[in-house]
Amino acid sequence: MHTILEKKLIAPNEYDMWVEAPKVASHAKPGQFVVVRPTSKGERIPLTIADYDLKRGSIRFIFQAVGKTTHQMARFEVGDSLSDVLGPLGRPSEIKKWGTVMLVGGGVGIAALFPILRELKRVGNYTITVLGGRSSELVIMKDECRRYSDELIITTDDGSEGIKGVVTEGMKVASEGRKINQAWAIGPTIMMKFASLAAKEMGIPIWVSLNPIMVDGTGMCGGCRVEVGGEVRFACVDGPEFDGWAVNWDVLMRRLQQYKDEEKLSLEQYMAEVESAL
Amino acid sequence: MSPKVRQKKVPIAEQKPEERIRNFDEVCLGYTMEEAIEEGMRCLQCKNAPCVAGCPVTIDIPGFIKALREGNIDESWKILKNATNLPAVCGRVCPQETQCEGVCTLGRGKDFEPVAIGKLERFVADWKASSGDAPAPAVRRGEPKGKVAIVGSGPAGLTAAGDLAKMGYRVKVYEALHEPGGVLMYGIPEFRLPKTIVRREIENIKLLGVEVEVDTAVGRSVTIEELRSEYDAVFIGTGAGTPRFIGIPGTTLNGVYSASEFLTRVNLMHAYRFPEYDTPIKRLKNVVVVGGGNVAMDAARSALRLGAERVTVAYRRTQAEMPARVEEYHHAVEEGIEFRWLTNPVEYVGDERGWVKAVRCIRMELGEPDESGRRRPIPVQGSEFLLEADGAIEAIGQGSNKVLLDAFPELKLNRHGYIVADPETGATSVEGVFAGGDIVTGAATVILAMGAGKNVAKAIDEYISAKRLRAASR
């Protein structure tokens, strides 16, 4: 069992959790993820690791309540336990001295970006961070990211903070008149798609962290297959990071829709249960 | 013994096809005590016992049948347990027709069927379990002979774990998924192998002192170096564990599954009980399953039970070459699964929303025998045709899973990506590390993996004992 040590609501519908998982904490590297099964009848969902604390043997993840599983997790409190946490899974990010790096984050993807940013800074890169969201309150972890960013650019759709517009606007500002050696983009699929297109236009190589539907997370089922450079790859073991220029975004977005009807039914039923219990 | 032996096996009760295709309950209902004894009477008690030689874990078959027909179930069960840690499983999923029953002396007589050895084995195991008296735990006193880590809790790992615990070792089994059992849990469906039975067998193994740690991916959650420094020996029995795809256009269309995903959702995650369980599965109407093995049969019959109106198995060879157990094939036919022999898909055709709507197939013909000894299927040019489908499931075999192997580059692999291990002992290129089961042989059967687990357990005992002796004499 994995006891919840801390839980905070950090933005509307977005939760920040520290959970006991000593084996994950002692082996985790930036870019890796865990598979969580919150209850004994629950499904297995992948969540990127936002941070890890070796001493306490705990890991942190930040999630948005969208479907039944994440809504259910949102109702867990400190002291409650998650049934299963498996990890760290996936290949770690390529941390080395690239030179100047640009890190683009959106939504809860910022949490996944954070440990990568921190490590890239630690090994001596010049770090430019671009964080985006619909409005100021939805751009999470600004202070934490600022600490490891040589430059921090914020974009909001409604102009409530920073540049009015989407992250690609911020990317333009960040890359103006200088060479960026490597970029990362982590966030909603549509954001990663446009960040990748923009990076390609600018000639900047870019890693993206893909989030297809997974079951086991260990290469056993092939449900997470994505198309990269015309080849079928498994995001759980070959990724989750892939070359953003080469990803077939349409396939990814289509496959993410596979269980839309079932997800809706499951959520409605859960919400009805919650309401009748109140 | 009565001079006249009945020619045919005592018939066994089964759920009727029209009923069972709408539920996931076990198809075969098992013998009653009277039936089991009557069937046991058919055993000739051969001195040379070819059946024992035909069994990968060398169960004393005439012995357990003799005890059974004398009504001594306890004794019969003890004889079974001596050789196998999973009798209720073996009795259900072994390909008996190519093993014990295939060489049964009785079955060689004209018009005679072999003794239903598998059905008798499951009878004894089930009877013992339902009799309520839990098997006494074999608590070992004194110092353990050593510590062994087992990676993977499938048939190979469980067998090795049970045997080593019986020999006096402290054993810990590491499992990546949230529940132990490997393919017995995620692969083989409930209607063929009820999960309560798998759990019961695992509980019996735990009673021997074996510890099981789930949610632990060796190579990720714990490194192989950590295991090697903590344990005297490590056994890798992770299974083949990664699905192969044919690689034809349309593989990423929605509605195209690997059998591993389809079956994992249904079995391990209980998707057939969605939304009571959270993991969904598509309720497909018209399913094409590709392949001719047990996994293909399991996927096809599961799809049917999920409500499909039509399930077609497309196999590139003919019925004669198909590797599925005879019983599974017969059950599938009874249930209305259609078979398209000499048929291979060449493309999944999608609709405008990106869902599969048809499978383009090509007819095959059989040419010269290939390295497996079976005649090689060759496409017939210009014979393409469409099979309508809203779902397709590929059950064409497994490759080696990289999660552990990538993290362990010192381990020598063969050209197929499987671990190179001594066929007798399971010793690998790394001292103290042994391997067995599908991760060595490529995808095979439960019982062959169990046989490997058994042999490796012996070899690990010898290895650790010799090491101790050397250390003591120094």
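- Looking at A:Phe61 and A:Ile49, their side chains never come closer than 4.5 Å, going by heavy atoms from C-beta outward.
- Interface remark: of the candidates B:Leu268, B:Val214, B:Thr264, B:Thr251, B:Thr251 forms the most heavy-atom pairs closer than 4.5 Å to chain A.
- Looking at A:Asn248, neither its backbone nor its side chain comes within 4.5 Å of chain B, counting heavy atoms on both sides.
- Both the backbone and the side chain of B:Lys282 have a heavy atom closer than 4.5 Å to some heavy atom of chain A.
- The residue among B:Gly399, B:Pro275, B:Pro280, B:Ser260 with the most heavy atom pairs within less than 4.5 Å of chain A is B:Pro280.
- The side-chain heavy atoms of A:Trp184 and A:Val208, taken from C-beta on, include no pair separated by under 4.5 Å.
- Salt-bridge formation is detected for the pair B:Asp351/B:Arg353: a Lys NZ or Arg NE/NH1/NH2 atom is positioned less than 4.0 Å from an Asp or Glu carboxylate oxygen.
- For B:His270, no part lies under 4.5 angstrom from a heavy atom of chain A.
- Neither the backbone nor the side chain of A:Leu267 comes within contact range of chain B; no heavy atom of the residue lies under 4.5 Å from a heavy atom of that chain.
- Looking only at side-chain heavy atoms (C-beta outward), A:Leu89 and A:Cys236 stay at 4.5 Å or farther from each other.
- Looking at B:Arg228 and B:Glu230, no side-chain N of the basic residue comes within less than 4.0 Å of a carboxylate O on the acidic one, giving no salt bridge.
- Here the straight-line distance linking atom OH of B:Tyr277 with atom NZ of A:Lys41 works out to 5.0 Å at 0.5 Å rounding.
- Ranked by heavy-atom pairs shorter than 4.5 Å toward chain A, the options B:Ile281, B:Val403, B:Val256, B:Thr252 are led by B:Thr252.
- Interface summary for chain A: among B:Leu404, B:Leu263, B:Thr223, B:Leu253, the most heavy-atom pairs under 4.5 angstrom belong to B:Leu253.
- Counting only heavy atoms from C-beta outward, the side chains of B:Thr238 and B:Asn401 never approach each other to under 4.5 Å.
- Of the atoms belonging to B:Glu226, it is side-chain heavy atoms, and not backbone ones, that fall under 4.5 Å from chain A.
- With respect to chain A, the highest number of heavy-atom pairs below 4.5 Å among B:Gly354, B:Gly255, B:Ala271, B:Gly239 belongs to B:Gly354.
- If you tally non-hydrogen atom pairs under 4.5 Å between each of A:Gly90, A:Ser40, A:Gly217, A:Ser83 and chain B, the highest count goes to A:Gly90.
- Residues B:Val93 and B:Arg192 meet the side-chain proximity criterion, which asks for heavy atoms closer than 4.5 Å.
- In this structure, chain A has a heavy atom under 4.5 Å from the side chain of B:Glu213, while its backbone stays farther away.
- Interface remark: A:Phe234 contributes side-chain atoms only to the contact with chain B (heavy atom separation under 4.5 Å).
- Considering CG of A:Asp216 and CD of B:Glu261, their distance stands at 9.0 Å, rounded to 0.5 Å.
- Contact check for B:Phe24 versus B:Arg273: no side-chain heavy atoms found under the 4.5 Å cut-off.
- Taking CD of B:Gln398 as the start and CE of A:Met220 as the end, the distance is 8.0 Å to the nearest 0.5 Å.
- Side chains of A:Tyr259 and A:Glu43: a donor-acceptor N/O pair is absent below 3.5 angstrom, by distance only.
- For B:Glu276, the parts lying near chain A are the backbone and the side chain together; criterion is any non-hydrogen pair under 4.5 Å.
- With respect to the salt-bridge test (charged N to carboxylate O, under 4.0 angstrom), the residues B:Asp278 and A:Lys68 qualify.
- Rounded to the nearest 0.5 Å, atoms CD1 (B:Ile236) and CG (B:Leu405) are 7.0 Å apart.
- Below 4.5 Å, heavy atoms of chain B meet heavy atoms from A:Lys23, A:His27, A:Gln32, all part of residues 13-34 of chain A.
- When all heavy atoms of B:Ala407 and B:Gly219 are compared, the pair lying nearest together is CB-O, 3.5 Å.
- In this structure, CE on A:Met1 lies 9.5 Å from CG on A:Asp80, to the nearest 0.5 angstrom.
- Highest contact tally toward chain A, considering only B:Asp406, B:Val222, B:Asp215, B:Thr216, is held by B:Asp215 [criterion: heavy-atom pairs under 4.5 Å].
- A:Glu263 has no carboxylate O lying under 4.0 Å from a charged side-chain N of A:Lys260, or vice versa, which leaves the two without a salt bridge.
- When A:Thr218, A:Thr39, A:Val35 are compared by the number of non-hydrogen pairs under 4.5 Å with chain B, A:Thr218 comes out ahead.
- Close approach to chain A, defined as a heavy atom under 4.5 Å from one of its heavy atoms, is seen in B:Thr242, B:Pro243, B:Phe245 of residues 242-249 of chain B, taken by number.
- With a threshold of 4.5 angstrom between heavy atoms, A:Gln269 approaches chain B through side-chain atoms but not through N, CA, C or O.
- Between chain B and the options A:Arg254, A:Glu262, A:Arg255, the largest number of non-hydrogen pairs under 4.5 Å is found for A:Arg254.
- Only the side chain of B:Phe274 comes within less than 4.5 Å of a heavy atom in chain A; its backbone stays farther off.
- Going from atom CZ of A:Phe242 over to atom CZ of A:Arg233 covers 5.5 Å, rounded to the nearest 0.5 Å.
- Comment: B:Arg199 engages B:Glu179 in a salt bridge, judged by a side-chain N to carboxylate O separation of less than 4.0 angstrom.
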